[in-house]
Amino acid sequence: MIEDKVYTARSILVVGAHAFDAEVIAGPLAAAAVRGGAAVTFLHLTMGEQGHPCLIPEHYCVQKEAEAAKAAAQLGVGMRTFKLNDAFLPADDETALRVCDVIRELKPEIVITHWHGSWHKDHRAAAQLTQTGIFFAALPTIARKHPAHTPQLLLFGENWEDDDGFRPEHLIDVSDGFDIWSEAVKEYELARGLSSFPYVDYYSALYRLRGCLRGTRHAQGFAAASHSWNAGSGLFAPPAERKRGR
Ligand SMILES: [Zn+2]
């Protein structure tokens, strides 16, 4: 079961296009996993510095970095950021190699990122960069600072901007992390009413709705990668015979 795999992982990496994306696609899950003893890291590819109606991007970038650090501390997760340019996130091999390096260094069993069906170009880029980063990380012939590493599972989290074709195939109980998430996201001005979109109302209701269907107080929905992609990148489950050591 996917939920068992997630909560027995020792290391989980969540890759978001903008600071605040990792928090919504996997924040409650991250807090619950940390309570269970996992090391969780949020990688913010950009700080999302273009999103303030009054502040110039340079100033909002500083503010968001501080907000992200405080939210990460409350959730108990580690934080990395590439500080690439918001709205101009490049979906290229050079950036995917940087994601590869983080995967090889942290050795996550589980990687979570955006669903590719998004109206936002940076979210589509983040999905592509993460998949390519896993592909590069698993290839032993690509020489980098750290040796090759293959995660066991790639999941795509639920984000209101990534709704084109998204199906929540897997519902994961995040009841243990919801209250921590609720407090942590308040560190962001974005969650306190900066945007016309009511983020906290939307996600609080969504996690409760998913929980109703999961039979728990709160849950998060995830989609998985295709069977062919899992097989090609080495993420498929080993055959039962191999697991039994035959
Ligand atoms: Zn975003």
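Throughout, numbering of the chain's residues begins at 1 and tracks the sequence. Order of listing sets the numbers, starting from 1, for every ligand and every atom in it. Values below: all heavy atoms of this structure, side chains included; hydrogens, waters and symmetry mates excluded.
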Please output the side-chain donor-acceptor pairs of residues 79-91 that fall under 3.5 Å, not counting sequence neighbours, one pair per line with the distance.
| residue | atom | partner | partner atom | Å |
| --- | --- | --- | --- | --- |
| R80 | NH1 | E105 | OE1 | 3.2 |
| R80 | NH2 | E105 | OE2 | 2.8 |
| T81 | OG1 | H44 | O | 3.1 |
| T81 | OG1 | K83 | N | 3.1 |
| K83 | NZ | E65 | OE1 | 2.9 |
| K83 | NZ | E65 | OE2 | 3.4 |
| D86 | OD1 | H18 | NE2 | 3.1 |
| D86 | OD2 | E49 | N | 3.2 |
| D86 | OD2 | Q50 | N | 2.8 |

In residues 196-205, what donor-acceptor pairs under 3.5 Å come from side-chain atoms, sequence neighbours left out?
| residue | atom | partner | partner atom | Å |
| --- | --- | --- | --- | --- |
| Y203 | OH | W160 | N | 2.9 |
| S204 | OG | V200 | O | 2.7 |

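Among the backbone and side-chain atoms of D21, an N, O or S atom lies under 2.8 Å from the Zn ion (ligand 1). Inclusion of H123 in the first shell of the Zn ion (ligand 1) is supported: an N, O or S atom falls under 2.8 Å.
The nearest N/O/S atom of H18 to the Zn ion (ligand 1) is ND1.
Of the charged side-chain nitrogens involved, none lies within less than 4.0 Å of a carboxylate oxygen, so that E109 and K5 do not count as a salt-bridged pair.
Using modelled atom types, one finds a donor on one side chain and an acceptor on the other under 3.5 Å when comparing E189 with Q63.
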